[in-house]
Amino acid sequence: MPAHSKSNRLTPLFILLALCLQTLAGCSKPQTTDKVEKAAKVPQRIVSLAPSLTEMLYAIGAGPQLVGRTSACDWPAEAEKVPVAGSFGRPSLEVLASMNPDLVLDVDLADEQAAKKMAEMHLRREHIRCQDPEELPAALRKLGALTGHVRQADSLASVIEKGLAEYRKEAATKTHKPSIYLEIWNDPLWTGGRNSFVSRLISYAGGRNIGDAVEKEYFEVSPEWVIRENPDVIACMYMANQTPAADNVKKRPGWQGISAVRNNRVYDQFDNRLYLRPGPRILEGIAGMKKLIESNEE
């Protein structure tokens, strides 16, 4: 057989092979590009404008992406090393701009004008709802999707969902739910209402918040109102300057007849971050509240 005839028969095979290789190369290139583009879209410079969001970011592994926080963001300890962009819900727009963030997160802004100004500054802002315990799993999953930590966020969200379901089921079986007065501040007296996060926490723990009589988040009360409500438990959620808060409560005029005072069920020295802050440690907060409610229960 002539050499040129054999060469002619092989040429189409080489052409077909070359076309296949070119097609494969063409297919693999977009996949690689997609991965690079996807990684580039994940925010690497995040500013959190709420302590609860800061805790969640660290809990899902996104802490290293945080470049700004509020002065109220104090947990975990690593967060305190991050530069401050303002107070809770009140960012300094000048400082915020200097941080050059590619994502700003908030749960509530004190001034909605700040949101408009951030938009004018072309800052990407995401509002995360997490005022209610039931909203925490969704908030975690949204943060996971935004920051590129989907797996960690989903895992933690699932744990919280399961834990909340168990506490809710147990609380529903209780025939007697001790009443509790949460004193957020002592001068003047402030407590949590039906719309507060801490009220839901008390409910999960198997108690009844006397503040549920008022459909507010937090509100001022009178000493006479507390006396009339006669709570079984009193929890002072603040630190007194000198004398322990619990001792001061017991000495208040007319409070000796309150069930909580009479039965020595007045408590203080709490880590408020566990009870007043919607965050990834909510199950720990419920467990602590449950222990408080059930301790020395009549």
Side-chain angles (χ1 to χ4, degrees), residues 41-60 62-63 65-76 79-147 149 153 157 184-185 190-201 214-220 237 272-282 285:
K41 290 180 181 178
V42 174
Q44 298 301 317
R45 298 186 61 79
I46 301 173
V47 173
S48 168
L49 299 181
S52 55
L53 297 180
T54 297
E55 286 201 22
M56 284 190 269
L57 288 171
Y58 277 96
I60 64 174
Q65 291 157 254
L66 199 66
V67 297
R69 63 176 176 101
T70 74
S71 55
C73 299
D74 56 3
W75 198 92
E80 296 190 277
K81 300 176 183 177
V82 178
V84 173
S87 57
F88 180 20
R90 294 179 181 275
S92 165
L93 296 177
E94 183 178 358
V95 174
L96 193 62
S98 70
M99 291 176 171
N100 193 31
D102 43 27
L103 178 61
V104 179
L105 300 169
D106 74 80
V107 297
D108 189 25
L109 292 176
D111 182 6
E112 279 303 316
Q113 288 299 317
K116 294 180 180 179
K117 291 178 181 178
M118 277 189 258
E120 293 172 0
M121 295 163 64
H122 302 291
L123 294 176
R124 181 187 176 190
R125 170 185 170 239
E126 290 285 347
H127 177 73
I128 310 291
R129 283 189 58 86
C130 59
Q131 293 301 106
D132 189 285
E134 298 291 344
E135 294 175 335
L136 285 174
L140 283 164
R141 290 189 173 104
K142 183 174 181 179
L143 287 174
L146 287 170
T147 64
H149 297 273
I184 307 298
W185 191 242
W190 275 76
T191 192
R194 184 182 303 178
N195 298 333
S196 66
F197 172 79
V198 72
S199 178
R200 295 299 309 279
L201 211 67
V214 177
E215 289 194 26
K216 290 184 178 180
E217 191 169 7
Y218 296 99
F219 62 101
E220 185 178 342
M237 312 301 290
N272 290 352
R273 296 171 298 187
L274 287 177
Y275 304 100
L276 304 180
R277 181 181 297 175
R281 298 183 292 163
I282 182 173

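From a predicted model like this one, the values you see are computed outputs, not experimental measurements.
Considering CZ of Arg90 and CG of Asp108, their distance stands at 10.0 Å, rounded to 0.5 Å. The CG atom of Asp74 sits 9.5 Å away from the OG1 atom of Thr54 when rounded to the nearest 0.5 Å. Between the CG atom of Leu66 and the OG1 atom of Thr147 there is a distance of 11.0 Å, given to the nearest 0.5 Å. Here the CE-CD1 distance, from Met56 to Ile128, works out to 7.5 Å after rounding to the nearest 0.5 Å. The CZ atom of Phe197 lies 6.0 Å from the CG atom of Leu136; values are rounded to the nearest 0.5 Å. Here the straight-line distance linking atom OG of Ser196 with atom NZ of Lys216 works out to 13.0 Å at 0.5 Å rounding.
At least one donor-acceptor pair under 3.5 Å links the side chain of Asn195 to the backbone N or O of Glu215. With hydrogens and angles disregarded, a donor-acceptor distance shorter than 3.5 Å links the side chain of Arg45 to the backbone of Asn100. Judged by distance alone, the side chain of Asp102 and the main-chain N or O of Gln44 form a donor-acceptor pair under 3.5 Å.
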For this session: Take Thr191 and Phe219, measure what side-chain contact (heavy atoms from CB on, under 4.5 Å) needs, and give me the verdict at the end.
Result: CA-CA 6 Å; Thr191 192; Phe219 62 101; 3.6 Å; yes

Exercise. What do the steps show when you test Leu96 against Lys117 for side-chain contact (heavy atoms from CB on, under 4.5 Å), and what is the final call?
Worked result: CA-CA 11 Å; Leu96 193 62; Lys117 291 178 181 178; over 6 Å; no

Exercise. Under the side-chain contact (heavy atoms from CB on, under 4.5 Å) criterion, do Lys142 and Arg129 qualify, and how do the steps go?
Worked result: CA-CA 10 Å; Lys142 183 174 181 179; Arg129 283 189 58 86; over 6 Å; no

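The two residues Arg69 and Cys73 make their nearest non-hydrogen contact at NH1-O, 2.9 Å. Closest approach of Val198 to Gly192, counting heavy atoms only: CG1-CA, 4.5 Å.
At a threshold of 4.0 Å, the pair Arg273-Glu55 does not count as salt-bridged, since none of the basic side-chain nitrogens sits closer than that to a carboxylate oxygen.
In this structure the side chain of Asp106 reaches within 4.5 angstrom of the side chain of Arg125, judged on heavy atoms.
Checking Val82, Leu105, Val104, Leu53 one by one against Ile46, the side-chain contact (heavy atoms from CB on, under 4.5 Å) holds for a single residue, Leu105.
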